[in-house]
Every structure is written in structure tokens, then in C-alpha cells.
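Below you'll find the structure, written out as C-alpha cells, and then a few comments.
Each ligand, and each atom within it, is numbered from 1 in the order the structure gives.
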Amino acid sequence: MLLSGRAHPDLGAAVAAELGVEPGRCILETFPDQELQVQILEAVEGRQVFILQPTAPPAAKHFFELMLMADACRRAGASRVIAVVPYLGYARQDRRAHSGEPVGARLMAELMEQRIDRLVTVDLHTPSIEGFFRIPVENLSAISLPAEAIRPELSPASVVVAPDLGAVKIARRYAELLDLPVAYVDKARLSGGEILAREVVGKVEARLPLLVDDMITTGGTMLSAMKALLDKGCLPRFAVAATHGLLVGNAVRELASFSLSSVVLSDSIAMPDFGALPVRVISLQKALAQAIQRLTTSIVQEKRR
Ligand code: R5P
């Protein structure tokens, strides 16, 4: 049984179609006082239920809707509840940068464990977040999809650029797949939206940068990296690839102020309006359907043993 929350019903329908099933019926509403109301209309007793719900903005609402759906399935006797969360919000709160802060990612994990038996997600912000969960986590890598999509645009002058140190591993993975050199930008985040690029490491002069990251939120990281690369004499045309394209606030407008050949994103969250941005969306529907199929088979085999 595959159910979809309200965060990304289109992806839910696409994954269901890929699996050759109808998405399960449920009522999902928001009351006038903003409380969420969930009612599962399918008989889930004794069944494994997959709930597809990226915890995309507004993360708290989508997270809580997922938890209500999981609770409803449990109370109706589902044998297992598996959350399919292609984008896991709060994953960047994986440590306390300052005293007085929580560890949001760890809290999310602890809350999910109360109702969910297993998590399927895509390109976690940091793979070590998996260790926050005591339930099994399947962290799918989607990097090969945007990498293949961008390959035809590349030239011998291309260079893969990590816009911050956290993206260096991702950049190396792209570089291996595309057989390109790597450079990176040393960034400091001054606040949620204020970013300072301190240094560029690697050869970028007269080269065409392909900037890669796990996610683009405000676009601030990409913008400051592009400015720093231009200062270092790169060619003034950028390609950008990321798994999760949140593009909140002025991200679309500000990114579009640079000369971009393309921005490749997955559909891990429902896509916002891209305006003039040359976005290409790569769907995760096959990868998620395969993961669901694989888990269904392995769970059935476990039961038979
Ligand atoms: C940070 O560590 C992430 O990998 C991204 O670089 C960052 O979250 C992107 O956010 P923004 O687009 O707001 O700079």
C-alpha cells in the first residue's frame, strides 16, 4: 500500500504508476485553526504501508502530517510503516554550532522512530545522520541522475566546483562520474541568508564551472560561489546541479541574474515556479519505485523465513 501526504502528491502518483498500483485513498485536511486532520480510507490491517512525504517547506507541517498518517496506519493494524522521505528537512541541524541550540536532525529521528519502522530517503545532507536513527535507513544516492543529464553540456574546459567544504565529497563523486577536475570554495555562513566566500581552491581560470551541492535553499551558497569564481577569472557561464531544489525566497530571481546554461534538480520536493531559470527536473520516480519494490520483496522474504 502506497499513501502520499500533501507535500508532493504528483511524485506519489508517479511512483504509484511506476509500481503499477493506485495510490491509497486518504483524507488530508487542515482545519481553520491550522490543525491537521488525517483519515486513511484503505484497509491497511496486516499490510506494509509506504508513506511518501518529503519534509519540504513548511517542514514542520509536512513532518507532522507524515507522523499523523503513520499513527493512523499503526492504529489500523498496519504490519509495517515505511516512510519514503525524498527530502529530509532539518537534516542540516546535525550538530550544535552554538550553545543553546538543539540538534534538530536527532530529534526528528527520535520522533520518527516512535511510529515509523523504516526510512527511505535520498542524498541525506550528511550520510552520518543515518546513525541518528535506530530504525533501518535507506539513503539512496541520486547523483548519477543529474550527472548524466548534464554530461552533454560539458566541455574539456569544465571543472566541477563544490560551493562549500561540505559539498567536496559530492563534487568528487560528480568529478569521477564525469571525468573532470575539482575545485572548491571555502564559505562561511554568517547567518541563515548571509554567506561569505573566503577562498577558491583549485584551477578555475578560463574554465566553465559546474557547481554541485546536495541542496539549494536561498541560493546564497551558489551566488557567493559564483561571485568568487568570477573574481578568480572563470568563464562567465555556469551550470548548476543539486538533488534538492528548495529555491525559497528570492533564490530564483537571484540565480537568474547570472548566466546559467542549466540548473539540474531532482523532483525530491514539489517544484516551485522557476520563472526564467533554465531548470531541468530529473524525476526520482523510478529510483523510489525500485527501492519500494526491493523492500517489499525483502520484507515478504523475511516473513516467509
Ligand atoms: C549546506 O551545508 C548545504 O549543503 C547547502 O550548501 C546549503 O544548505 C544551501 O543553502 P543556501 O542555498 O540557502 O545557501
Relative to the heavy atoms of Ile216, which atoms of ligand 1 are at a distance of less than 4.0 Å?
12 (O)
In this structure, are over 12 heavy atoms from other groups packed under 6.0 Å from Phe258 atom CZ?
yes
Part of Asp164 within contact of ligand 1 (heavy atoms, under 4.0 Å):
side chain
Does a donor on one side chain and an acceptor on the other come within less than 3.5 Å for Thr30 and Arg6?
yes
Can you name the ring-ring contact (aromatic ring centres under 6.0 Å, His included) partners of His244, sequence neighbours left out?
Tyr87
Apply side-chain contact (heavy atoms from CB on, under 4.5 Å) to the pair Val15 and Lys286, showing each step before the final yes or no.
CA-CA 7 Å; Val15 172; Lys286 269 203 169 59; over 6 Å; no
Could you tell me whether Arg95 atom CZ has more than 12 heavy atoms of other residues or ligands within 6.0 Å of it?
no
Check ligand 1 against Arg92 and write out every atom of the ligand that is under 4.0 Å from a heavy-atom position of the residue.
7 (C), 8 (O), 10 (O)
Taking the side chain as every heavy atom from C-beta outward, state whether Thr296 and Leu19 have any pair of such atoms under 4.5 Å apart.
no
Less than 4.0 Å is my threshold; does some heavy atom of Gly219 fall inside it relative to ligand 1?
yes
Asp213 and ligand 1 - part of the residue with a heavy-atom distance under 4.0 Å:
side chain
Just to be sure I read this right, does ligand 1 sit under 4.0 Å from the backbone of Thr217, its side chain, both, or neither, counting only heavy atoms?
both
If we number the atoms of ligand 1 from 1 as shown, the ones under 4.0 Å from a heavy atom of His125 are 1 (C), 2 (O), 3 (C), 4 (O)
Residue portion contacting ligand 1 (non-hydrogen atoms closer than 4.0 Å) for Met222:
neither
Measure Lys187 to ligand 1 on non-hydrogen atoms and call it side chain, backbone, both or neither using the 4.0 Å cut-off.
side chain
Test: Arg106 and Glu110 ion pair at under 4.0 Å
yes
